[in-house]
Amino acid sequence: INAKKSAEEAEKARQAKIAINQQARGMALSAVVSKISANLAGKAEWSDKVEVSYVDEDGVTKKRQATPEEVEQGVKVALAQYTQGKSPQDKNNIVLKVLGMPFASTYAQNYKNQGLYAINTMRVDDKGNLIGNTDVDNFYALHDTNPAEFARIFGADLTGKLTVLSSMVLMTNDKDKAYREFARANVFLEANPKVKEAYTTEVSTKLAGASFDITGMDGNKVSAMYSASPELLNTATTMGVYYRANHMDEYTLSNVQDMVSKSYTTYDGHNIIPKRIFAAQFPDVEDPIAVGKQVIDYIKKDKYGDNYAEVSYNSATNEIIIGYYPYPISQLRNQLMVMINEDKRIEQEKANTPNPTPTQPVVTGYNPTNNADDRPEDLGSEGTYNPTGRR
């Protein structure tokens, strides 16, 4: 009997402990979601921990840190909640914001590993069919939404590969072909690290003093150096390595030149700007580059008038720098909306303005009634006080 009572009490204690642990896990999940909600609203500190409060079996309130597993589950719940019904671009922006929060770093690292696995296992079979690109598509879209933030969260290795893949897609204008070319080269380079290193040295040497022609946002061609943009130089080198791997005996600078022409532009001939940032912000217009130039022109006119203001791109922060003013890329879209609303307001004012009526004869001198003055002309005399202004 005593043994049975002891077993029952032990089981009760075990069940109570399970209930307390379940309660703590539920509180942890709720705490993670709440912290994400607050951070998205800009109301919380960017700490790397999530504190959980719970009540133990003695009724005492205790505190602990959420475990990596609890954080991961909370992130998944929050993403499902905040991305529901959003457009693909808005959804990706939210994903990047959440994964960029310090306490989500472990989950972001695991997610990055998924991306590297997906891109490194993408294959082309003997029949030329692409295998395993579904997950790559998700990371591709996430990267193109905000390359700078993507790089900050996921690091250079995954970002570098997706930058090259994105450039290949833009250059070939054939996503399936670009994926297959990238997959073939990537499999070869990953299997032969020493060859990859040798190709990198070869390509970077060729690019070191090379120049290229590029079409500016105004449609005119200018010449620039690869060293004019660290992002371009890095991308061009990596691109050259992948083409060297794909076309073993055909590599020339023309491959990279073609990529530059189709992937980059310049506002004033001095600073290189990726075309993708305009395509991402203005996906619903026929010519994103032309619209991007109109927006930059508008900002320059508003801030500097007719004075000179240099326009450049900061890949580390994903900002367009106009003179002394940095503009996050997303602000270009907002500025376009301002311009459109301003044009609508002007058109509305014109529509509401009545047709001009015939003007009365203009008479000199003070005339509040606006009636014609038919009195004899007063010639006056030089030096005479003449308040009416009539001669």
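Position 1 is the first residue of the sequence; numbering continues from there.
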Practice prompt. Answer with yes or no whether the side chains of Tyr313 and Asn271 bring together a donor and an acceptor at under 3.5 Å.
Written response: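 Short answer, no.
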Scan the side chains in residues 207-218 for donor-acceptor partners under 3.5 Å anywhere in the protein, sequence neighbours excluded, and list what turns up.
from: Asp218; atom 1: OD1; to: Asn220; atom 2: N; distance (Å): 3.1
from: Asp218; atom 1: OD2; to: Asn220; atom 2: ND2; distance (Å): 3.3

Worksheet item: In terms of the angle between their ring planes, are Phe278 and Phe282 parallel, tilted or perpendicular, with boundaries placed at 30° and 60°?
Response: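 Ring orientation, 0 to 90° scale: parallel.
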Worksheet item: Short question: side chain of Asn192, backbone of Phe188 - any donor-acceptor pair under 3.5 Å?
Response: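 Side chain of Asn192 to backbone of Phe188, a donor-acceptor pair under 3.5 Å: yes, one is there.
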Discussion item. For Lys91, is there any backbone N or O sitting under 3.5 Å from a side-chain donor or acceptor partner on Thr83?
Written reply: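 Checked: no pair found.
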Quick one: list whatever passes salt bridge (Lys or Arg N to Asp or Glu O under 4.0 Å) with [X], sequence neighbours left out.
{"X": "Asp297", "answer": "Lys293"}
{"X": "Lys196", "answer": "Glu190"}
{"X": "Lys86", "answer": "none"}

Practice prompt. Group every Ile, Leu, Val, Met, Phe, Trp and Tyr by side-chain heavy-atom contacts under 4.5 Å, then state whether Leu116 and Val164 land in the same group.
Written response: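 Looking at the clustering, Val164 is in the same group as Leu116.
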Worksheet item: Cationic tip of Lys175 within the cone over Tyr140's six-membered ring, i.e. under 6.0 Å and within 45° of the normal?
Response: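 Yes, Lys175 and Tyr140 form such a contact.
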Worksheet item: Are Lys303 and Tyr325 in a cation-pi contact, defined as NZ or CZ under 6.0 Å from the six-membered ring centre and within 45° of the axis?
Response: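 The answer is yes; both the distance and angle limits are met.
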Which residues satisfy the side-chain hydrogen bond (donor to acceptor under 3.5 Å, both in side chains) test with [X], sequence neighbours excluded?
{"X": "Thr205", "result": "none"}
{"X": "Glu197", "result": "none"}
{"X": "Ser263", "result": "none"}
{"X": "Asn93", "result": "none"}

Fill in: Any pair counted as ring pair (Phe, Tyr, Trp, His ring centres under 6.0 Å), so long as it reaches residues 111-139, sequence neighbours left out
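Applying ring pair (Phe, Tyr, Trp, His ring centres under 6.0 Å) to every pair that reaches into residues 111-139, excluding sequence neighbours, yields Tyr111-Phe139.
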Worksheet entry | salt bridge (charged side-chain N to carboxylate O under 4.0 Å, His left out): pairs with one or both residues in residues 109-130, sequence neighbours excluded |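 Sorted pair list: Lys112-Asp157.
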Discussion item. Taking salt bridge (charged side-chain N to carboxylate O under 4.0 Å, His left out) as the cut-off, I'd like each qualifying pair that reaches into residues 314-331, sequence neighbours left out, listed once.
Written reply: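 Sorted result for residues 314-331: empty, none.
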Let me check something: any side-chain donor-acceptor pairs from residues 332-340 under 3.5 Å, sequence neighbours excluded? List them with distances.
from: Arg333; atom 1: NH1; to: Gln281; atom 2: O; distance (Å): 3.0
from: Arg333; atom 1: NH1; to: Asp284; atom 2: OD1; distance (Å): 3.0
from: Arg333; atom 1: NH2; to: Asp284; atom 2: OD2; distance (Å): 3.0

